[in-house]
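Okay, structure first, notes after.
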Amino acid sequence: MIFVMDDKFLKPYNPTESEARVAKLWDESGFFNPDKLPERNQKGEPFSIVLPPPNVTGTLHSGHALAFTIEDIMVRHARMKGMKTLWIPGTDHAAIATQSKVEKEIQKKEGKSRHDLGRDELLKRVRAFAQESHDTIVNQVKKMGCSIDWSREAFTLDEKRNLAVRTAFKKMYDDGLIYRDFRVVNWDPKGQTTISDDEIVYETRKAKLYTFKYAKDIPISISTTRPETKLGDTAIAVHPDDPRYKSFIGKEYDAVFTGEPIHLKVIADTSVDKEFGTGALGVTPAHSQIDWEMGQKHGLPLKQVINEYAKMTVGDDSIKGKKTIEAREAVVEWLKFEGLLEKEEEIEQNISTAERTGGIVEPLPKLQWFIGVNKPFKRDGKEVTLKILMKEAVERGIGGSQPIQIIPDRFAKVYEHWIENLRDWCISRQIWYGHRIPVWYKDSQIYCGIEAPAGEGWVQDEDTLDTWFSSGLWTFSTLGWPDEKEFTANKAYHPTTILETGYDILFFWVARMILMTTYLLGEIPFKTVYLHGLVRDGKGRKMSKSLGNIIDPLEMTGKYGTDAVRMALIVAVGPGNDSKFDEQKIKAYKLFANKLWNIARFILSSTDGVTFDSSFKDFTAADKVHLECLQTLVKESSTEMNEFKYYLVAEKLYHYAWHELADKILEESKPIIGVFGAPEPTDKVAKLSRQQFLLTALHSLLKLLHPFMPFVTEEIWSSMPGRESLLLVEEWPVA
RNA sequence: GCGCGGUUAGCUCAGUUGGUAGAGCAUCCCCUUGACGUGGGGAGGGUCACAGGUUCGAAUCCUGUAUCGCGCACCA
């Protein structure tokens, strides 16, 4: 027997070599671009998905690698099924995250603040950093084998997306959904900007609850964990039915509190909890969200005593100019000295910190831009709100669509709950890196437009938009919206087929996309949402720079091959479940890639000279059993792929290849075919039957495995006799 | 406080129409010059967190408890 086989099979599978070669094949084919796909796909149903744009804040981590893997499995599977498949890449400018990272670096290296540099210079630096990150990210995406259409790459802060942002803003402004208002917002003193409710991370800490009187002649005691804010109190609130305080309601008191004159009115409000503390509450309208609302309701004066740097602006020498935490101690000292402090107890408290900077959030009254989620407007003759649209998208569907399917479905409940608690979204940020708010001022005039107004003297709003405003438009801004011609040409791709992302950005991103798309387009942004879990370290901890436990997926692909990393990330990890990164697991799948390699070597060398005949019928009884088993595998895999159960399919294929095909069938085949030491068999019918079966099995297996292990399967495919095209665009097998 | 998820072999985890427990890795024994030692065969190892209930039968359904984790709310 003569083996006419590539020499490459005589050596173990070498991922590094093969991956480079295969990547080049794919690249040259152009098949990542839907317009260049073969005829079969051109006629197919469109399949579209966006890459969740990674932040240009640095390099990627294993969470990204997991996302890329799942998404690429979806895309490759759809392409093989004959769909006109589009996967759009892009990156996110990530406003606060990126700017604060660059600022930190500049501060560290040059000791300069952003104000030392100025707006233009800082932006120049940030852009340079973003560009560098971008290039790294693109390389990493490519390395993972993502079959993504680079010709359509987008950036949340590029020209086209900026136009989309301005257009969206203007429309919402005209509809009264975007408005400017003065109220207490979440201020991050560290990042020197406002943040939205969702950008707050709560940390449970021990705190002291102080109970005291403002002055000896004020009869009501109050409790607080923040005595320093009491300099800004303008009322004492009690419950209207509280017999202890009923007689005081309506009375007013004056006092000098740590050198600061204060005027307090006793008000009655049902929101006061009679059981907590003394049952009386000092109202600080300028430094508490709830107190602000109470202040509005009761017409209380606003008195700001803390500034943007979390420093006191009033009080005596021991207070004024001090940080709030220092001032707190000083106030307590004063209370003790004056004999006003009645009780000091330790309690657990949730404190608000800013997600990106870690700064302790200081509620401050400020003039900011908001999106009103409860503001009614007309849609198809019906009165709705953004909240209603967001809810309907998942419950009933929009404009006659099916409801958005969330996988796993338990997250639909989480989403719903979030919407119920949703308040107006503060979208203005006092940072420089981002989309500038398209509003101009001149004297007392205000102008909102896609372009700057004509005429002299108009000054644009200094603020930029929350980064999620632009990512909310992503499914359609990447398809050309608002350019009518471009968007129309791409309309078949919207709503996108599926959105794949981590459950940790369900609110940030998924919900905001639903908001923007249902409002601006009157349709859902995607039909299905697939949420993956967090990839944790070996000990189950979240990976982070500060813990130093980040595992670089690229280091692993270099060591074990991309296919092995992909398999390790996907096998047995169901949607919505966190997983632990496990190097052992990657190693195991590297062995599997090699096993596949040798299965191919066995089959190709023992079918030398035989032409694969897909319509071959004369199988022996034994081969018919094998064939049936194979068909069951194809059938089950196909069903489970369509149900997004990739974690099951991958394992099933592994098991079949290794323990059924290799361990049983190949061993059994040696005497039947007469290879590897076995004498030439007399039963030629059985031999041909087995050879045809083995070729059939290899064909099917390579196809089934391709979405999971694209490199090794494509590399083997390239040695298959009689192949017509790249495995990338081969037809998904049917049972 | 409300809600969600986990608790299965030493480790990491699968197990959806309920039918006498599975995988990978690890451990131990054995085999082998002929696809692959990145191999093959085999073994040990689990009262499926606990307690009730439904059922002929429960890891799987119901109720409750414990424990770990997460989300939201509260946060005077």
Side-chain angles (χ1 to χ4, degrees), chain A residues 3 5 9-13 197-198 202 204-205 207 209-211 221-227 229-230 233 236-238 271-273 275-284 288-291 294 347-352 408 410-422 503-504 506-507 533-534 536 538-542 560 564 567-568 571-574 576-606 643 645 647-648 650-652 654-655 658-659 662-664 666-667 669-670 675-678:
Chain A
F3 298 133
M5 205 170 53
F9 281 111
L10 299 176
K11 289 179 289 184
Y13 175 58
D197 295 341
D198 293 287
Y202 294 102
T204 307
R205 288 190 196 169
L209 182 69
Y210 301 97
T211 301
S221 306
I222 57 131
S223 299
T224 184
T225 52
R226 298 196 60 188
T229 63
K230 300 294 107 182
D233 281 12
I236 297 172
V238 298
S271 69
V272 177
D273 179 359
E275 308 303 317
F276 192 95
T278 62
L281 155 70
V283 185
T284 324
S288 153
Q289 200 90 240
I290 293 173
D291 291 9
M294 214 183 279
I347 60 163
E348 286 230 316
Q349 197 195 208
N350 275 345
I351 67 151
S352 309
R410 64 171 190 269
F411 282 102
K413 227 185 244 181
V414 179
Y415 172 82
E416 206 177 295
H417 191 227
W418 177 81
I419 289 179
E420 271 160 27
N421 289 311
L422 184 63
Y503 68 71
D504 53 329
L506 177 63
F507 306 145
L534 266 40
R536 298 171 177 281
K539 291 176 185 149
R541 299 174 304 180
K542 204 168 170 173
Y560 302 106
M567 281 295 271
V571 170
V573 179
N577 290 346
D578 292 353
S579 56
K580 285 179 193 166
F581 180 89
D582 184 359
E583 193 166 340
Q584 281 308 314
K585 204 169 166 186
I586 302 178
K587 220 180 207 168
Y589 288 106
K590 178 188 161 75
L591 301 190
F592 179 54
N594 190 59
K595 188 72 183 178
L596 261 188
W597 192 247
N598 283 290
I599 288 171
R601 175 178 170 188
F602 181 104
I603 295 180
L604 292 179
S605 62
S606 56
E643 290 169 350
K645 292 176 182 166
Y647 57 107
L648 291 182
E651 193 172 20
K652 191 170 281 188
Y654 171 94
H655 196 262
W658 202 312
H659 300 299
D663 287 353
K664 299 205 177 96
L666 294 194
E667 286 306 324
S669 298
K670 289 175 187 172
V675 285
F676 303 113

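So that the names make sense, note that chain A is the first sequence line, chain B the second, and so on, each numbered from 1.
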Worksheet item: Reading RNA chain B 5' to 3', how would its secondary structure be written in dot-bracket notation, given Watson-Crick and G-U pairs with both distances under 3.5 Å, brackets [ ] for crossing pairs and | for partners on other strands?
Response: ((((((((.[[[[.)...(..]]]].((((((....).))))).....[[[[[..)....]]]]])))))))....
Worksheet item: Given B:U38, is OP1 or OP2 found less than 4.0 Å from the side-chain N or O atoms of A:Lys590?
Response: no
Practice prompt. Calculate the interatomic distance between A:His417 atom NE2 and B:C2 atom P; express it in whole Å.
Written response: 12 Å
Practice prompt. Would you mind classifying the nucleic acid contact of A:Asn594 as base, sugar-phosphate or nothing, using non-hydrogen atoms under 4.0 angstrom?
Written response: base
Worksheet item: Between B:C75 and B:U7, how far is it from one C1' atom to the other, in whole Å?
Response: 31 Å
Worksheet item: In whole angstrom, what separates A:Gln584's CD from B:C13's P?
Response: 14 Å
Item to complete: Would you please indicate yes or no on a ring centroid separation below 6.0 angstrom for A:Phe411 and A:Tyr503?
Response: yes
Item to complete: Please state how far atom CG in A:Asn577 lies from atom C1' in B:G15, giving the value in whole angstrom units.
Response: 13 Å
Worksheet item: Think A:His655 has a side-chain N or O under 4.0 angstrom from the OP1 or OP2 of B:G15?
Response: no
Item to complete: Flag yes if more than 12 heavy atoms outside A:Lys670 fall under 6.0 Å of its NZ atom; otherwise flag no.
Response: yes
Worksheet item: With no hydrogens and no angle check, is any side-chain donor or acceptor of A:Arg410 less than 3.5 Å from a backbone partner on A:Gly576?
Response: yes
Fill in: Atom-pair distance (CZ on A:Phe592; P on B:U38), nearest Å
18 Å
Worksheet entry | Any residue meeting side-chain contact (heavy atoms from CB on, under 4.5 Å) with A:Phe507, in chain and number order, not counting sequence neighbours | A:Asp198, A:Val414, A:Trp418
Could you pull out every donor-acceptor pair under 3.5 Å between side chains of residues 275-284 of chain A and any protein atom, sequence neighbours left out?
residue, atom, partner, partner atom, Å
A:Thr278, OG1, A:Ser221, O, 2.6
A:Thr278, OG1, A:Ala280, N, 3.2
A:Thr278, OG1, A:Ala280, O, 3.4
A:Thr284, OG1, A:Lys230, NZ, 3.4
A:Thr284, OG1, A:Asp233, OD1, 2.6

Fill in: Nearest-angstrom distance from the residue atom CG of A:Asp663 to P of B:A23
13 Å
Worksheet entry | Protein-nucleotide distance (A:Asp233, atom CG; B:A76, atom P), rounded to Å | 12 Å
Fill in: Nearest-nucleotide pick for A:Glu667, side chain only, options being B:C36, B:G39, B:G71
B:C36
Response to the item:
Whole-Å distance, A:Asp578 CG to B:U7 C1', equals 15 Å
Discussion item. With a cut-off of less than 4.0 Å, is there a side-chain N or O of A:Trp658 near OP1 or OP2 of B:G40?
Written reply: yes
Worksheet item: How far does the C1' atom of B:C72 sit from the matching atom of B:U55, given to the nearest Å?
Response: 38 Å
Item to complete: To the nearest 0.5 Å, tell me how far A:Ile347 CD1 sits from A:Tyr210 OH.
Response: 10.5 Å
Worksheet item: Can you tell me if the side-chain N/O atoms of A:Lys595 get under 4.0 Å from OP1 or OP2 in B:C36?
Response: no
Practice prompt. Look at the side chain of A:Lys585 against the base of B:C25 and say whether a donor-acceptor pair falls under 3.5 Å; ignore hydrogens and angles.
Written response: no
Discussion item. Using modelled atom types and a 3.5 Å cut-off, is there a donor and acceptor pairing between side-chain atoms of A:Asn598 and backbone atoms of A:Asn594?
Written reply: yes
Discussion item. Check the phosphate of B:G34 against A:Lys670, side-chain N and O only, distance under 4.0 Å to OP1 or OP2. Yes or no?
Written reply: no
Item to complete: Can you tell me the distance, in whole Å, between the NZ atom of A:Lys664 and the C1' atom of B:G41?
Response: 12 Å
